[in-house]
Colleague: 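Starting off with a structure, shown below.
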Protein chains: 2
Amino acid sequence: MPAEAKVSAKVNKPAKVEARAAAPASPPLTERQEARRRRILHASAQLASRGGFDAVQMREVAESSQVALGTLYRYFPSKIHLLVATMQDQLEHMHGTLRKKPPQGETAAERVAETLMRAFRALQREPHLADAMVRALTFADRSVSPEVDQVSRQTTAIILDAMGQENPTPEQLSAVRVIEHTWHSALVTWLSGRASIAQVKIDIETVCRLIDLTSPTTP
Amino acid sequence: MPAEAKVSAKVNKPAKVEARAAAPASPPLTERQEARRRRILHASAQLASRGGFDAVQMREVAESSQVALGTLYRYFPSKIHLLVATMQDQLEHMHGTLRKKPPQGETAAERVAETLMRAFRALQREPHLADAMVRALTFADRSVSPEVDQVSRQTTAIILDAMGQENPTPEQLSAVRVIEHTWHSALVTWLSGRASIAQVKIDIETVCRLIDLTSPTTP
DNA sequence: CGCTAATCTAGAACAAGTTTCAGACTTGAT
DNA sequence: ATCAAGTCTGAAACTTGTTCTAGATTAGCG
């Protein structure tokens, strides 16, 4: 069997079959391949941190990560794929960070709101990066669905963690879905300068009330 | 003063100052200019109805509407501006349609959910058009803020109409904001094939509960 | 060690959004 | 009717995402 071959055959066009779980999905990569992938994601995040979505130019990413343009496209079939993967990367990081200091709130709603606001503050520190990732996420078409879905699952996991709810009811899951919707959309409006930070905070707190509504006494 | 001049000087780069109300914002256009604008919007919607966002190619729009490419850009400074304007157009239409048959629901929440589902069904009839408009809306950057904001106001108006609430409380307005967030984000997930129609329905109904939560007895 | 299949590279080529420019055309004012 | 100022047109040019190609390189296998 060939060199860094069959392995990254999956890297290129992730076979539909294997687009499910988190990391264990794609087959193991060569060390060098893993390194390339890291360099690419790093370059992506770095460029994004500067000028946001537009600053992440494929040629620049390729150059920064010392990889040929064609190779970049083999790893990430489009700019959107690349940025969504960058978001996955950052999200994992954030989930780890959040886990360390569990939210203090009394109610589940408070804890979720607190967690999301913490995440929001993190994004505020790198607004350009946030811009690139969120724009990519909402602009993604069907061809990126598996990756976007993965981001969504990760977000859900973070919220459920904050709720401290082991076995959420279907109603609670609906509430979580709506919270995610609000979270994404609120970020978009903030990033495009149509809503203030305070406004985002209010929106998050408002939507989090749905948790109380669906948790204790189900009306 | 020159011909179709000073008039469309505003057409080009809508002076920041006049980006507020609905239609009365920009100064009156020449008849021919108004006609050009209509042709452009019509071509845009037509192309979008076919192949969605990607099918709306500026050169094609220009050709279809019998306008030079440069002129198209004078009227709409970017593809995003064009599609957002197309959405404004469609939204107005829809608001008119919705007004004719007010929702029947007992509670405000039911009426809002019913209205949004009606709008949703309308979008389902032209999924490609919906795709183009929604993608443009969420991808828009700061340079399109005024126009996007206009769309947002129009959406708010539709929801408040459905609520039948003349003087909404700040809390209710927050709920409406969250409903809009959910509405947009749910559309995005549906368009990208990550949520079913049924799922969107559930999300809408879920978020609409916030209205009941903020209307009668303020907890 | 040498083979073979696949990867990686460098660079050209293509596609669509956006910009630019010179010249023809309109329109309102004089 | 003429004029000045601004608009519209047609076409080329530029930018950036994406694709394609030929050849150099790499990795596992016999």
Side-chain angles (χ1 to χ4, degrees), chain A residues 1-13 27-37 39-40 44 47 51-84 132 135-136 139-141 143-144, chain B residues 1-13 27-37 39-40 44 47-48 51-83 132 135-136 139-141 143-144:
Chain A
M1 212 171 286
E4 323 183 276
K6 182 193 262 179
V7 179
S8 39
K10 307 311 184 57
V11 174
N12 315 335
K13 321 252 171 170
L29 298 188
T30 295
E31 221 174 282
R32 308 185 60 190
Q33 290 179 320
E34 192 56 50
R36 274 188 206 107
R37 197 188 136 84
R39 286 207 305 278
I40 293 173
S44 168
L47 287 170
F53 188 88
D54 293 333
V56 180
Q57 303 193 353
M58 299 305 269
R59 286 174 236 265
E60 291 235 348
V61 173
E63 191 173 356
S64 293
S65 48
Q66 297 186 288
V67 139
L69 190 55
T71 304
L72 171 53
Y73 273 95
R74 179 183 281 280
Y75 280 73
F76 302 96
S78 78
K79 173 170 175 174
I80 300 294
H81 281 85
L82 170 58
L83 284 173
V84 170
R135 296 265 291 285
F139 192 64
D141 64 5
S143 72
V144 204
Chain B
M1 212 172 285
E4 322 183 278
K6 181 193 261 176
V7 178
S8 38
K10 307 311 185 54
V11 174
N12 314 334
K13 322 253 171 171
L29 299 188
T30 295
E31 221 173 281
R32 308 185 59 188
Q33 290 179 319
E34 191 55 48
R36 273 188 207 107
R37 197 187 135 84
R39 286 206 305 277
I40 293 173
S44 168
L47 287 171
F53 188 88
D54 293 333
V56 180
Q57 303 194 352
M58 299 305 268
R59 287 176 236 262
E60 291 233 350
V61 173
E63 190 173 357
S64 293
S65 48
Q66 298 186 289
V67 141
L69 190 55
T71 305
L72 171 53
Y73 273 95
R74 179 183 281 279
Y75 280 73
F76 302 96
S78 78
K79 174 171 175 172
I80 300 294
H81 280 84
L82 171 58
L83 284 173
R135 297 266 288 285
F139 192 65
D141 64 5
S143 72
V144 204

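Letters A, B, ... are given to chains in the order of the sequence lines, protein chains preceding strands, and every chain is numbered from 1.
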Colleague: Rounded off to whole Å, could you give me the CZ-to-P distance for the F76(A) and dT19(D) pair?
Modeller: 16 Å

Colleague: Using nucleotides 14-19 of chain C, report all nitrogen or oxygen pairs with the protein that are shorter than 3.5 Å.
Modeller:
from: dA16(C); atom 1: OP1; to: Q57(B); atom 2: NE2; distance (Å): 3.1
from: dA16(C); atom 1: N7; to: R59(B); atom 2: NH2; distance (Å): 3.4
from: dG17(C); atom 1: OP1; to: V56(B); atom 2: O; distance (Å): 3.2
from: dG17(C); atom 1: OP1; to: K79(B); atom 2: NZ; distance (Å): 2.8
from: dG17(C); atom 1: OP2; to: M58(B); atom 2: N; distance (Å): 3.1
from: dG17(C); atom 1: N7; to: R59(B); atom 2: NH2; distance (Å): 2.6
from: dG17(C); atom 1: O6; to: R59(B); atom 2: NH2; distance (Å): 2.7
from: dT18(C); atom 1: OP2; to: Y73(B); atom 2: OH; distance (Å): 2.9
from: dT18(C); atom 1: OP2; to: K79(B); atom 2: N; distance (Å): 2.9
from: dT18(C); atom 1: O5'; to: Y73(B); atom 2: OH; distance (Å): 3.4
from: dT18(C); atom 1: O4; to: R59(B); atom 2: NH1; distance (Å): 3.3

Colleague: For R32(B) and dT27(C), is the shortest distance between a side-chain N/O and OP1 or OP2 below 4.0 Å?
Modeller: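 For R32(B), the contact criterion (side-chain N or O under 4.0 Å from OP1 or OP2 of dT27(C)) is met.
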
Colleague: At their closest point, which heavy atom of A136(A) faces which heavy atom of L83(A), and how far apart are they?
Modeller: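 The pair with the smallest heavy-atom distance is CB-CB, 3.4 Å.
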
Colleague: How many whole angstroms separate atom CG of L47(A) from atom P of dT16(D)?
Modeller: 13 Å

Colleague: Output the rounded distance in Å from CD (E34(A)) to P (dT26(D)).
Modeller: 19 Å

Colleague: List in chain and number order the residues that pass side-chain hydrogen bond (donor to acceptor under 3.5 Å, both in side chains) with S64(A), two or more places apart in sequence or in another chain; answer none if no residue qualifies.
Modeller: none

Colleague: Which residues satisfy the side chain to side chain contact (heavy atoms under 4.5 Å, CB included) test with Q66(B), sequence neighbours excluded?
Modeller: R39(B)

Colleague: Can you list the residues that meet the side chain to side chain contact (heavy atoms under 4.5 Å, CB included) rule with A48(B), with sequence neighbours excluded?
Modeller: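 Expected list: V56(B), L129(B), A132(B).
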
Colleague: Going by the rule side-chain hydrogen bond (donor to acceptor under 3.5 Å, both in side chains), which residues pair with S78(A) if we only count those two or more places apart in sequence or in a different chain?
Modeller: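 side-chain hydrogen bond (donor to acceptor under 3.5 Å, both in side chains) list for S78(A), sorted by chain: H81(A).
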
Colleague: For the pair made of CG in L72(A) and P in dG11(C), what is the distance, rounded to whole Å?
Modeller: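 Value for this atom pair: 17 Å.
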
Colleague: Can you check the Y75(A) OH to dA6(C) P distance for me, whole Å?
Modeller: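 The answer, rounded to whole Å, is 16 Å.
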
Colleague: My understanding is that only residues two or more places apart in sequence, or in another chain, count here; which of them pass salt bridge (charged side-chain N to carboxylate O under 4.0 Å, His left out) with E34(B)?
Modeller: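 Partners of E34(B) under the salt bridge (charged side-chain N to carboxylate O under 4.0 Å, His left out) test: R38(B).
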
Colleague: When the distance from CD of E31(B) to P of dG28(C) is rounded to whole Å, what number comes out?
Modeller: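 About 11 Å, once rounded to whole Å.
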
Colleague: How many Å lie between CD on E63(A) and P on dT16(D), as a whole number?
Modeller: 13 Å

Colleague: Measure from the side-chain heavy atoms of T71(A) and tell me the nearest of dT9(C), dT7(D), dG10(D).
Modeller: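 Selected nucleotide (nearest to the side chain): dT9(C).
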
Colleague: Tell me whether the side-chain N/O atoms of Q33(B) come closer than 4.0 Å to OP1 or OP2 in dC8(D).
Modeller: yes

Colleague: Rounded to the Å, how far apart are R74(A) CZ and dA5(C) C1'?
Modeller: 12 Å

Colleague: Looking at every heavy atom in both F53(A) and K79(A), which two are closest together, and how far apart are they?
Modeller: O-NZ, 3.0 Å

Colleague: Indicate, with a heavy-atom threshold strictly under 4.0 Å, whether Q66(A) touches base, sugar-phosphate, or nothing.
Modeller: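 The residue Q66(A) makes sugar-phosphate contact but no base contact.
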
